[in-house]
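Data block below; observations after.
Numbers for residues simply follow the sequence, beginning at 1.
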Amino acid sequence: MPLKVHPDIASLVPYLPGKPIEELERELGIPRAIKLASNENPLGPSPKALAVLTEVAGTLNRYPDGGAHRLRRALADHYKVTPDQVILGNGSDEIIGLLVRTFLSPGDEAVMADQTFVIYKMEVTAAHGVPVIVPLKAGRHDLPAMAKAVTPRTRLLFVCNPNNPTGTMVAAEDVAALMAQVPDEVIVVFDEAYYEYVVSRDFPDSLGYVTQNRNVIVLRTFSKVYGLAGLRIGYGLTTPEITGYLNRVRPPFNANSLAQRAALAALGDEEHVARSRAMNQAEMARVRTELVSLGLQPLPSEANFLYFDVGRSGREVFEALLREGVIVRHIEGRMLRVTIGLPEENTRFLQALKAVLQRG
Ligand SMILES: *Cc1c(COP(=O)(O)O)cnc(C)c1O
């Protein structure tokens, strides 16, 4: 029986996650492979989060608190907003999907950058919306061009900041100019998955726009600096009106009980965050210097990864690195993205890359 599938769905390509370590070890028989492909925290989960998991385990026969009251209250206190301004997701990925399903009707447009987080385009296409894609300018979101791309059909505008996969940032004054131009009925989504890694003082206060009651949502996650990617928990900070609509579409138990409790503990684990940030900063500087000495030019990064042009087929370099037991991410063409790992992992990556590039 031939299936009837909408062409928008047929046009999608399944998301290709970073290769798991075990798969590489099994396929190529390479022991001690390292993964620097998914921007995970190499120091592991927050120890405080780990400590509460066994406590929750005994209550797994119960459904989670569908309202996630404790975690939403803690996030609200942390960010000085009210609990009705906090929405949780099974990863912030899920909130992107909720935003699209809630606010975008078929044929409506969503403005996004070219070279940005691939989930935006996937969700918009799956919802029969129209992704309006604006090229980056010098590796950054071209916010003036994105503002100009807004039409009466635009419902959402995605700003990934720092941007994945480039690591680049748009600054407060550029965002202020964007917010002065975008009509109020367009929801501006600031995806700040790497917020805790940002060092620049020019980073925009996106939450300030929420406080001013603009139609803005700020997405953050426990998957990156907090080291809880496997638990799947992220959140959005926005207006009570926007959470009100999102909650009509949100599956009631989308944030599982382990994730809720672990996130609550991780939020209070300032030490883990500080240690992760400090190591990332020091190691990113070292990896950058080494890449530059290999003749490469990584883009400036405010996140926990670097993006660079290898001057030849990125796929070939990616595959040669796999054979050295190092998993990075091939983005497109000559571009690779590498996550900053533990010092010894970074050293191994740099040695492998040097060997691969010298071999030619
Ligand atoms: C990692 C990442 C996320 C977070 O995804 P989760 O679903 O919370 O794990 C969101 N946006 C960007 C740009 C990311 O890189």
Handout entry: Lys NZ or Arg CZ of Arg220 over Tyr195 ring: under 6.0 Å, within 45°
Key = yes
Exercise for the section: Kindly say whether the aromatic ring centers of Tyr194 and Phe305 come within a distance under 6.0 Å. Expected result: yes
Problem - Same apolar cluster (I L V M F W Y, side chains within < 4.5 Å links), Leu36/Val225 - result: no
Problem - Check: Asp108 side chain, Ser105 main-chain N or O, donor-acceptor pair, under 3.5 Å - result: yes
Problem - Within 6.0 Å of CZ in Phe203, more than 12 heavy atoms from elsewhere - result: yes
Exercise for the section: Taking the side chain as every heavy atom from C-beta outward, state whether Glu196 and Lys224 have any pair of such atoms under 4.5 Å apart. Expected result: no
Practice task
Quick one: do Met179 and Arg214 satisfy side-chain contact (heavy atoms from CB on, under 4.5 Å)? Show the steps, please.
Solution key: CA-CA 9 Å; Met179 293 306 295; Arg214 293 290 307 261; 3.6 Å; yes
Exercise for the section: Look at the side chain of Arg337 and the backbone N and O of Ile331, then say whether any donor-acceptor pair between them is shorter than 3.5 Å. Expected result: no
Completion exercise
Rounded to the nearest 0.5 angstrom, the CZ-OG1 distance for Arg73 and Thr82 is 8.5 Å
Completion exercise
Nearest heavy-atom contact between Glu345 and Pro42 is OE1-CB, 3.9 Å
Exercise for the section: Take Ser206 and Glu192 through the side-chain hydrogen bond (donor to acceptor under 3.5 Å, both in side chains) test and state the conclusion after the steps. Expected result: CA-CA 9 Å; Ser206 51; Glu192 299 180 347; 2.6 Å; yes
Practice task
List the atom of Ile233, the atom of Ala263, and the distance in Å for their closest heavy-atom pair.
Solution key: CG2-CB, 4.1 Å
Exercise for the section: Might you confirm whether atom CZ of Arg312 has over 12 heavy atoms from other residues, nucleotides or ligands at distances under 6.0 Å? Expected result: yes
Problem - Between Arg277 and Asn280, a side-chain donor and acceptor under 3.5 Å - result: no
Exercise for the section: Is it possible for you to say whether Val159 and Leu237 belong to one hydrophobic cluster, with membership spreading through side-chain heavy-atom contacts below 4.5 Å? Expected result: yes
Handout entry: Polar side-chain atom of His141 near backbone of Met169 as donor-acceptor pair, under 3.5 Å
Key = no
Practice task
With side-chain hydrogen bond (donor to acceptor under 3.5 Å, both in side chains) as the test, would you mind laying out the steps for Asn254 and Glu94 before giving the verdict?
Solution key: CA-CA 9 Å; Asn254 63 332; Glu94 188 192 24; 2.9 Å; yes
Practice task
Return yes if a side-chain donor-acceptor contact under 3.5 Å exists between Asn346 and Glu283, otherwise no.
Solution key: yes
Practice task
Could you state whether Val328 and Leu291 fall into the same hydrophobic cluster, counting links through intermediate Ile, Leu, Val, Met, Phe, Trp or Tyr residues with side-chain heavy atoms under 4.5 angstrom apart?
Solution key: yes
Handout entry: Smallest separation among heavy atoms of Pro204 and Val170, with atom names
Key = CD-O, 3.2 Å
Practice task
Identify which one of Asp309, Thr166, Leu306 satisfies the side chain to side chain contact (heavy atoms under 4.5 Å, CB included) criterion when paired with Leu299.
Solution key: Thr166
Problem - Exercise: do Gln85 and Thr243 side chains pair donor with acceptor under 3.5 Å - result: no
Practice task
Report the C-alpha distance between Glu40 and Thr339 in whole Å, list the side-chain angles of each, state the deciding distance to 0.1 Å, and finish with yes or no for side-chain contact (heavy atoms from CB on, under 4.5 Å).
Solution key: CA-CA 8 Å; Glu40 295 148 342; Thr339 304; 5.9 Å; no
Handout entry: Heavy atoms from other residues, nucleotides or ligands near CZ of Arg359 exceed 12 (cutoff 6.0 Å)
Key = yes
Handout entry: Whether Gln260 side chain and Asp65 backbone form a donor-acceptor pair below 3.5 Å
Key = yes
Practice task
Specify the closest pair of heavy atoms between Pro64 and Ala255, including all atoms of both residues, with the distance to one decimal.
Solution key: CB-O, 3.6 Å
Exercise for the section: Please work out which of the three classes, parallel, tilted or perpendicular, describes the rings of Tyr120 and Phe117, given edges at 30° and 60°. Expected result: perpendicular
Handout entry: Glu271 CD: over 12 foreign heavy atoms closer than 6.0 Å
Key = no
Exercise for the section: Keeping the roles fixed (side chain from Asp142, backbone from Lys137), state whether a donor-acceptor pair exists under 3.5 Å. Expected result: no
Practice task
Report whether Leu104 and Val134 are members of the same hydrophobic cluster (ILVMFWY, side-chain heavy atoms less than 4.5 Å apart, transitive linking).
Solution key: no
Fill in the blank from the handout: Distance col, row Ile96:CD1 vs Asp191:CG, nearest 0.5 angstrom, shows 5.0 Å
Problem - Between Arg329 and Asn39: side-chain donor-acceptor atoms closer than 3.5 Å - result: no
Handout entry: Test item: Arg232 side-chain N/O and Ala259 main-chain N/O as donor-acceptor pair under 3.5 Å
Key = no
Handout entry: Tyr235 ring center within less than 6.0 Å of Phe222 ring center
Key = yes
Practice task
To the nearest 0.5 Å, tell me how far Arg261 CZ sits from Leu53 CG.
Solution key: 9.0 Å
Practice task
Starting from the C-alpha separation in whole Å, work towards a yes-or-no answer on side-chain contact (heavy atoms from CB on, under 4.5 Å) for Val188 and Ile217.
Solution key: CA-CA 6 Å; Val188 181; Ile217 182 164; over 6 Å; no
Exercise for the section: May I ask you to decide if Leu207's main-chain N or O and Thr211's side chain share a donor-acceptor pair within less than 3.5 Å? Expected result: yes
Practice task
State, without any angle test, whether Asp8 and Ser11 hold a side-chain donor-acceptor pair at a distance under 3.5 Å.
Solution key: no
Fill in the blank from the handout: Rounded to the nearest 0.5 angstrom, the CG-CZ distance for Asn161 and Arg140 is 10.0 Å
Handout entry: Stepwise side-chain contact (heavy atoms from CB on, under 4.5 Å) check, Leu342 with Leu43
Key = CA-CA 7 Å; Leu342 297 171; Leu43 288 173; 3.8 Å; yes
Handout entry: Heavy atoms from other residues, nucleotides or ligands near CD of Glu344 exceed 12 (cutoff 6.0 Å)
Key = yes
Handout entry: Gap separating the CD1 atom of Ile187 from the OH atom of Tyr245, nearest 0.5 angstrom
Key = 10.0 Å
Handout entry: More than 12 heavy atoms from other groups under 6.0 Å of CD on Glu173
Key = no
Handout entry: Residue pair Asn163 / Thr168, side-chain donor-acceptor N/O under 3.5 Å
Key = no
Practice task
For residues Ser46 and Asp269, report the shortest heavy-atom separation together with the two atoms involved.
Solution key: OG-OD2, 2.6 Å
Practice task
State the CZ-CG distance between Phe318 and Leu336, to the nearest 0.5 angstrom.
Solution key: 8.5 Å
Practice task
Keeping the roles fixed (side chain from Glu302, backbone from Val199), state whether a donor-acceptor pair exists under 3.5 Å.
Solution key: yes
Completion exercise
Tightest non-hydrogen contact, residues Gly236 and Ile95, listed as N-CD1, 3.5 Å
Handout entry: Side chains of Gln115 and Glu332, donor plus acceptor under 3.5 Å
Key = yes
Problem - Transitive ILVMFWY side-chain link Leu231 to Leu60, under 4.5 Å - result: yes
Practice task
Using modelled atom types only, decide if a donor and an acceptor are shared between the side chain of Ser313 and the backbone of Glu316 within a distance under 3.5 Å.
Solution key: yes
Handout entry: Main-chain N/O of Leu98 paired to Arg250 side chain as donor or acceptor, under 3.5 Å
Key = no
Exercise for the section: Count the heavy atoms of every other residue, nucleotide or ligand shown that sit under 6.0 Å from OH of Tyr209, and state whether that count exceeds 12. Expected result: yes
Exercise for the section: Report, as yes or no, whether the 6.0 Å neighbourhood of atom OH on Tyr63 holds more than 12 heavy atoms from other residues, nucleotides or ligands. Expected result: no
Exercise for the section: Taking atom types as modelled, find out whether Arg286 and Thr347 have a side-chain donor-acceptor pair closer than 3.5 angstrom. Expected result: yes
Problem - Among Leu246, Val124, Val249, the one residue meeting side chain to side chain contact (heavy atoms under 4.5 Å, CB included) with Leu99 - result: Leu246
